[in-house]
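Counting begins at 1 with the first residue of the sequence.
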Amino acid sequence: MLPTRTALSCLARSCCINAAVTARGMQQLGLLFALEPALRHLYPDAEAQAQAAAHYSAHSNTHPYMLPFYMGLLLNIEEQVAQGKLPSNALDTVRRTLGTTLSAVGDGFFEGGVFPCWALCCICLLLAGHTLPAILLTALLAVALLAFRTGTFFFALRYGLAALAWLKRLGLINWTGRIKVVNACLLTVAAAMLLPYGGDRHTLLWCMGGGAAVLAAAWIIGRLHLPRIVLWLILLTFLVLMDAGLVGL
């Protein structure tokens, strides 16, 4: 396994990888920059180091929070290649397929679940006047994300491809669906807090009906896999008809 100092150097550089994104290679240059300390350690000879770096000259892109896991896998395989346990083309096969797969997992779990959940929680807390809990929640999320990046990097670095089985058991995709249901509930709460409510029955019914509609939409999308754009078009049509006076409530 790589020395701890070298591994930490690679992990620290992974935080800067998107600073070198290009339209053609995406994270290509940033990934090579992040892996450079490990390649320098594994290949002391300059020519062998250049050949190893050439494996990362192609297009590369994955989700920023899945990137440390991806790097850990690559470095585990790279170490076995340097020791002659695996052929060099084994790295190319993994690199071409794994980055895109991890990108899809990260986009669904983080961008589609965790971050909207955090934003909605903060909105509800701020609307209720609880500023300090919102700040603490944000700090807790930042620490949790840092722990996730660090833990997955070293886990993949140690266990290599076997870590993929652990990631599958973790079921991030399944958790994404559950978090989206929670997001629908939080969205309902935030909408109810934004509506002016003077205690009249009509406003209360509107709040309850809107909340039920949001939860029903979440259930339809999750269970029936109906595209969200279809529900949006139905809602937009209904609002246009209301504005034209063709539908009244």
Side-chain angles (χ1 to χ4, degrees), residues 7-8 10-35 38 55-56 58-78 91-122 137-184 186-187 218 221-222 225 227-228:
L8 288 174
C10 293
L11 181 62
R13 290 187 177 206
S14 70
C15 298
C16 308
I17 192 168
N18 281 344
V21 168
T22 62
R24 183 174 182 179
M26 297 302 289
Q27 294 174 339
Q28 168 197 5
L29 296 177
L31 179 63
L32 184 57
F33 170 75
L35 297 177
H55 290 291
Y56 304 97
H59 175 278
S60 179
N61 191 43
T62 193
H63 192 275
Y65 289 103
M66 298 303 296
L67 178 67
F69 182 83
Y70 179 53
M71 287 175 51
L73 283 173
L74 292 179
L75 289 178
N76 179 275
I77 297 173
E78 191 72 69
L91 188 66
D92 296 330
T93 304
V94 173
R95 187 188 55 76
R96 281 196 302 266
T97 57
L98 189 59
T100 304
T101 303
L102 293 177
S103 181
V105 173
D107 286 340
F109 182 71
F110 291 103
E111 309 299 335
V114 173
F115 292 152
C117 185
W118 159 74
L120 289 167
C121 285
C122 287
L137 178 63
T138 303
L140 179 63
L141 176 64
V143 172
L145 290 174
L146 180 61
F148 179 84
R149 290 172 59 94
T150 304
T152 53
F153 172 75
F154 282 103
F155 189 82
L157 180 61
R158 179 172 183 177
Y159 294 103
L161 293 176
L164 290 173
W166 168 82
L167 184 65
K168 183 179 179 180
R169 288 196 303 270
L170 201 59
L172 294 183
I173 297 298
N174 295 331
W175 278 106
T176 300
R178 300 185 186 106
I179 295 174
K180 285 183 177 180
V181 173
V182 174
N183 291 347
L186 290 171
L187 182 60
I221 293 171
H225 303 290
R228 284 171 286 184

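Shown here for Cys121 and Leu186, the closest heavy-atom pair between the two residues is SG-CD1, 3.6 Å. When every heavy atom of Gly113 is checked against every heavy atom of Asn183, the shortest pair comes out as O-ND2, 3.3 Å. Here the shortest heavy-atom pairing between Ser60 and Met26 reads O-CB, 3.3 Å. Minimum heavy-atom separation, Ala34 to Arg13: CA-CB, 3.7 Å. The heavy-atom pair separating Asn76 from Ala156 by the smallest distance is CB-O, 3.8 Å.
Taken to the nearest 0.5 Å, the CE atom of Met71 stands 12.0 Å off from the CD atom of Glu78. With rounding to the nearest 0.5 angstrom, the CG atom of Leu137 is 8.0 Å from the SG atom of Cys117. In this structure, CG in Leu98 is found 8.0 Å from CD1 in Ile77, a value given to the nearest 0.5 Å. Rounding to the nearest 0.5 Å gives a distance of 11.0 Å between CD1 of Ile179 and CG of Asn174.
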Would Leu74 and Tyr70 count as a side chain to side chain contact (heavy atoms under 4.5 Å, CB included) if you check the C-alpha gap in whole Å, the side-chain angles of each, and the deciding distance to 0.1 Å? CA-CA 6 Å; Leu74 292 179; Tyr70 179 53; 3.7 Å; yes

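The side-chain heavy atoms of Leu164 and Leu73, taken from C-beta on, include a pair separated by under 4.5 Å. Within the 4.5 Å cutoff, side-chain heavy atoms of Phe153 are placed close to those of Leu75. The closest side-chain heavy-atom distance from Pro64 to Ile17 is not below 4.5 Å. For the pair Leu102/Leu67, no side-chain contact is recorded, criterion being any heavy-atom separation below 4.5 Å from C-beta on. Contact annotation: the side chain of Phe115 approaches that of Leu145 to within less than 4.5 Å [non-hydrogen atoms, C-beta and beyond]. Within the 4.5 Å cutoff, the side chain of Phe154 has heavy atoms near those of the Thr150 side chain. Considering only heavy atoms from C-beta on, Tyr65 stays 4.5 Å or farther from Val114 through its side chain.
Between the Thr176 side chain and the Leu172 main chain, a donor and an acceptor come within less than 3.5 Å of each other. Side chain of Gln27 to backbone of Thr62: a donor-acceptor contact under 3.5 angstrom is found.
Around the CZ atom of Arg178, the shell of radius 6.0 Å holds more than 12 heavy atoms that belong to other residues, nucleotides or ligands.
A distance of 6.0 Å or more separates the ring centres of Phe148 and Phe109. In this structure, the ring of Trp166 has its center no less than 6.0 angstrom from the ring center of Tyr159.
Relative ring orientation between Phe110 and His63 is described as parallel, the plane-to-plane angle staying below 30° on a 0-90° scale split at 30° and 60°.
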